[in-house]
Amino acid sequence: LKEENATLRSKISKLQILSETQADKMRKLEKKLEENKIKEEKEAQDLEAMVQHVEQNLQLMTKRAVKAENSAAKLRQENALLQVQLRNCKAENEALQLGQAGLATAKQNAEVALQHLLRVTTSSRASLRQLLSGAESLQLVADLLKSIDRISEVSEDGQ
């Protein structure tokens, strides 16, 4: 009995050591799991913040694009008006040339109208370039948002 008792005590001692070792491993794994959860939450928050930032940028770019479109439309209208004025000035110039009266004034008016038309044309081109740039930026942001959606889908599938 004493021998059997000693053997059982030895087994109990070994099992207690094994149990403590496994408990330590379990505590370490639980701690690691908690750290991973915190890390994943932070990554999710960072991703959400990035998405919000991208959405804000998209809204800002959309506003800029609308403003550029409106500006371009106004410039096109002004350009058309100036072209009509230029044609009128040219017609007036031709009429004055036929009558030889006030030729210098008509030429000056035509030159002023032409210079104004050239300035408006240059300004219109710059606004159209800006509008195209804004549209390209919007496309880039849309592609980025698609990529973020794919990342989210892959993350959800991987869990």
Next item on the list: Flag yes if more than 12 heavy atoms outside Glu35 fall under 6.0 Å of its CD atom; otherwise flag no.
Entry: yes
Item checked: Smallest separation among heavy atoms of Ala113 and Cys89, with atom names -> CB-SG, 4.2 Å
Notebook entry, point to check: Within a strict 4.5 Å, meaning less than it, do heavy atoms of the Ile17 and Ser13 side chains meet?
Noted result: yes
Next item on the list: Inspect the surroundings of CD in Gln85 and state if more than 12 heavy atoms from other residues, nucleotides or ligands are less than 6.0 Å away.
Entry: yes
Check: Between NZ of Lys39 and CD of Glu34, what distance do you get to the nearest 0.5 Å?
Finding: 14.5 Å
Check: Does Arg9 have any salt bridge (charged side-chain N to carboxylate O under 4.0 Å, His left out) partners at least two apart in sequence or in another chain, and if so, which?
Finding: none
Next item on the list: Establish whether Met61 and Leu145 are linked, either directly or via other cluster members, by ILVMFWY side-chain heavy-atom contacts under 4.5 Å.
Entry: yes
Margin query: Before you tell me yes or no, could you show the steps for Glu41 and Gln45 under side chain to side chain donor-acceptor pair (under 3.5 Å), namely the whole-Å CA-CA distance, both residues' side-chain angles and the distance that decides it to 0.1 Å?
Written below: CA-CA 6 Å; Glu41 287 174 6; Gln45 289 172 353; 5.6 Å; no
Check: Can you hop from Val120 to Leu131 via hydrophobic side chains spaced under 4.5 Å?
Finding: no
Margin query: Could you walk me through whether His53 and Asn57 satisfy the side-chain contact (heavy atoms from CB on, under 4.5 Å) test, starting with their C-alpha distance in whole Å, then the side-chain angles of each, then the deciding distance to 0.1 Å, before giving a yes or no?
Written below: CA-CA 6 Å; His53 183 69; Asn57 285 343; 3.3 Å; yes
Margin query: Could you work out, with salt bridge (charged side-chain N to carboxylate O under 4.0 Å, His left out) as the rule, every residue matching Lys42, not counting sequence neighbours?
Written below: Asp46
Margin query: I want to check something: taking the side chain as every heavy atom from C-beta on, are Gln22 and Met26 in contact at a cut-off of under 4.5 Å?
Written below: no
Next item on the list: Keeping the roles fixed (side chain from Ser137, backbone from Ser133), state whether a donor-acceptor pair exists under 3.5 Å.
Entry: yes
Check: Any side-chain heavy atom of Lys11 sitting closer than 4.5 Å to one from Thr7?
Finding: yes
Notebook entry, point to check: Just wondering, more than 12 heavy atoms not from Glu4 lying within 6.0 Å of its CD?
Noted result: no
Next item on the list: Kindly indicate, with the supporting measurements, whether the criterion side-chain contact (heavy atoms from CB on, under 4.5 Å) is fulfilled by Leu47 and Glu43.
Entry: CA-CA 6 Å; Leu47 184 59; Glu43 288 174 356; over 6 Å; no
Item checked: Nearest atoms (heavy-atom pairs only) where Val141 meets Val54 -> CG1-CG1, 3.6 Å
Next item on the list: Taking the side chain as every heavy atom from C-beta outward, state whether Asn79 and Leu75 have any pair of such atoms under 4.5 Å apart.
Entry: no
Check: Rounded to the nearest 0.5 Å, how far does CD of Gln52 lie from CD of Glu55?
Finding: 7.0 Å
Check: In Å, rounded to the nearest 0.5 Å, how long is the span from CG of Asn109 to CD of Glu111?
Finding: 11.0 Å
Item checked: side chain to side chain donor-acceptor pair (under 3.5 Å) evaluation trace for Gln139 with Asp143 -> CA-CA 6 Å; Gln139 182 62 45; Asp143 292 343; 3.0 Å; yes
Note to self: I need the Ser124 OG to Gln77 CD distance, nearest 0.5 Å.
What the structure shows: 11.0 Å
Next item on the list: Please confirm whether the backbone N or O of Leu117 pairs with a side-chain atom of Thr121, one donor and one acceptor, at under 3.5 Å?
Entry: yes
Margin query: In this structure, would Val66 and Leu138 fall into the same cluster of hydrophobic residues linked by side-chain contacts under 4.5 Å?
Written below: no
Margin query: Looking at every heavy atom in both Leu128 and Ala72, which two are closest together, and how far apart are they?
Written below: CD2-CB, 3.8 Å
Item checked: Heavy-atom side-chain proximity of Glu78 to Leu82 below 4.5 angstrom -> yes
Check: In Å, rounded to the nearest 0.5 Å, how long is the span from CG of Asn88 to CD of Glu92?
Finding: 8.5 Å
Item checked: Arg64 and Lys67, any side-chain heavy atoms less than 4.5 Å apart -> no
Next item on the list: Ignoring hydrogens and angles, tell me if any N or O in the side chain of Ser10 forms a donor-acceptor pair with the backbone of Ala6 under 3.5 Å.
Entry: no
Note to self: Test of understanding: clusters of I, L, V, M, F, W, Y form through side-chain heavy atoms closer than 4.5 Å, transitively. Do Met50 and Leu58 belong to the same one?
What the structure shows: yes
Check: How many angstroms lie between atom NZ of Lys14 and atom OG of Ser19, to the nearest 0.5 angstrom?
Finding: 16.0 Å
